[in-house]
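Just so we're clear, the structure is a prediction, and the values are computed from it rather than from any experiment. Just so you know, ligand 1 is whichever comes first in the structure, and atom 1 is the first atom listed for that ligand.
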Amino acid sequence: MNYDVIIFDADDTLFDYKKAEDFALTSVFEEFGVQSPDTDYVALYRTINQELWNDFEKGAISLAELRVERFSRLFAGTGLTIGAEEFSNRYLGYLGAGAYLIDGAVELVEELRSKVRLAIITNGIREVQLSRFSKAGVDHYFEHIIVSEDTGYQKPHIGIFDYAFNKLGITDPARVLIVGDSLTSDIQGGLNSGIDTCWYNPHNKPNATPVKPKFEIKQLSEVLTLL
Ligand SMILES: [Mg+2]
């Protein structure tokens with residue numbers, strides 16, 4: 001065996017985040033009487049949300065501010081008269097219920113669990129992520145689920161990896177593999193912390209970055225060939 005521990009990214013590696021987000025946005029717009037929100041609201045929300053996550057990663061705003069500010073800006077820009085804080089709370093409730101797994105994810109962790117130790121490192125809001133993983137019925141496969149909000153760091157910062165290694169009692173990083181879909185957070189984070197890296201690239205995206213993963217796979221089941 002090449003590895004003792006496999007660390008997975010969650011969103012768009014084991015879990016379908018876009019599906020969860022679509023479900024949550026559709027549900028919350030419906031609840032607040034915004035009938036059949038056209039795609040412009042969703043597209044605008046995604047743009048605003050991305051900008052605010054970038055600000056958060058730079059330390060410009062807090063996670064608590066981000067949660068509400070993204071809707072304040074959306075409503076200010078579209079003329080909707082809805083209370084952003086209440087809307088945000090309802091949205092996060094729906095998001096936490098969005099337990100959609102990527103094809104092959106359960107089969108993979110089921111197969112791996114008798115062979116290696118498993119963990120998750122995810123960037124996100126603690127209550128939302130833990131609720132989703134638990135509702136999907138897969139949280140028990142993982143020895144530790146580390147959410148960035150708990151650590152004060154985001155992937156690819158080495159701080160969140162140090163936190164994880166400490167929790168897992170890892171002394172030899174060479175025996176650890178990270179599997180994730182993001183070159184800039186998962187693979188860069190793996191490189192920063194001296195562990196092996198596997199890029200999950202189901203749609204054959206070209207790699208236009210200087211970040212070079214050790215392995216690249218198209219299907220989750222290929223992780224089994226790396227052991
Ligand atoms: Mg991801």
Side-chain angles (χ1 to χ4, degrees), residues 5-25 45-47 49-54 56-57 63 66 70 92 95-96 98-109 112 118-136 138-139 141-142 144-151 153-161 163-164 176-193 195-209 211-223 226:
V5 179
I6 298 183
I7 294 173
F8 282 96
D9 165 54
D11 285 326
D12 299 322
T13 298
L14 297 176
F15 299 87
D16 189 333
Y17 184 76
K18 188 175 177 295
K19 213 172 189 179
E21 189 185 50
D22 282 343
F23 161 77
L25 287 170
Y45 168 80
R46 288 212 164 101
T47 303
N49 189 42
Q50 188 56 57
E51 284 168 6
L52 287 167
W53 274 101
N54 293 345
F56 171 67
E57 281 165 17
L63 200 53
L66 174 147
R70 51 194 179 178
L92 291 177
L95 192 60
Y100 305 103
L101 285 153
I102 298 282
D103 280 348
V106 175
E107 292 80 357
L108 176 64
V109 291
L112 285 174
L118 299 173
I120 285 177
I121 300 184
T122 177
N123 285 349
I125 297 171
R126 180 172 204 277
E127 74 211 43
V128 170
Q129 298 301 69
L130 295 184
S131 161
R132 290 173 56 224
F133 306 161
S134 153
K135 283 202 168 69
V138 294
D139 50 351
Y141 289 107
F142 301 94
H144 288 287
I145 296 176
I146 288 142
V147 186
S148 58
E149 188 180 11
D150 284 337
T151 72
Y153 300 102
Q154 300 261 339
K155 290 180 287 185
H157 196 287
I158 196 167
I160 194 167
F161 288 88
Y163 181 99
V176 182
L177 174 71
I178 183 165
V179 180
D181 70 299
S182 167
L183 289 166
T184 53
S185 65
D186 305 317
I187 305 306
Q188 184 62 57
L191 294 169
N192 291 348
S193 57
I195 61 177
D196 278 355
T197 55
C198 173
W199 185 31
Y200 173 53
N201 184 20
H203 306 300
N204 273 329
K205 279 189 293 189
N207 181 357
T209 76
V211 182
K212 297 285 174 260
K214 178 163 182 167
F215 305 109
E216 180 177 335
I217 59 171
K218 201 171 154 46
Q219 289 182 7
L220 285 177
S221 59
E222 291 172 66
V223 171
L226 308 178

Does one side chain, of Asp11 or Gln129, offer a donor that lies under 3.5 Å from an acceptor on the other? yes
Which atom of Asp9 approaches the Mg ion (ligand 1) most closely (N/O/S): OD2
Please report the shortest heavy-atom distance between Ala20 and Arg132, naming the atom on each side. CB-NE, 4.1 Å
Assess Asp11: does it contribute an N, O or S atom lying under 2.8 Å from the Mg ion (ligand 1)? yes
Closer than 2.8 Å to the Mg ion (ligand 1): does that hold for any N, O or S atom in Asp181? yes
Lys155 with Asp186: basic N within carboxylate O range, under 4.0 Å: yes
One thing to verify: whether Arg46 and Asp22 come together as a salt bridge, which I'm taking to mean a side-chain N less than 4.0 angstrom from a carboxylate O. yes
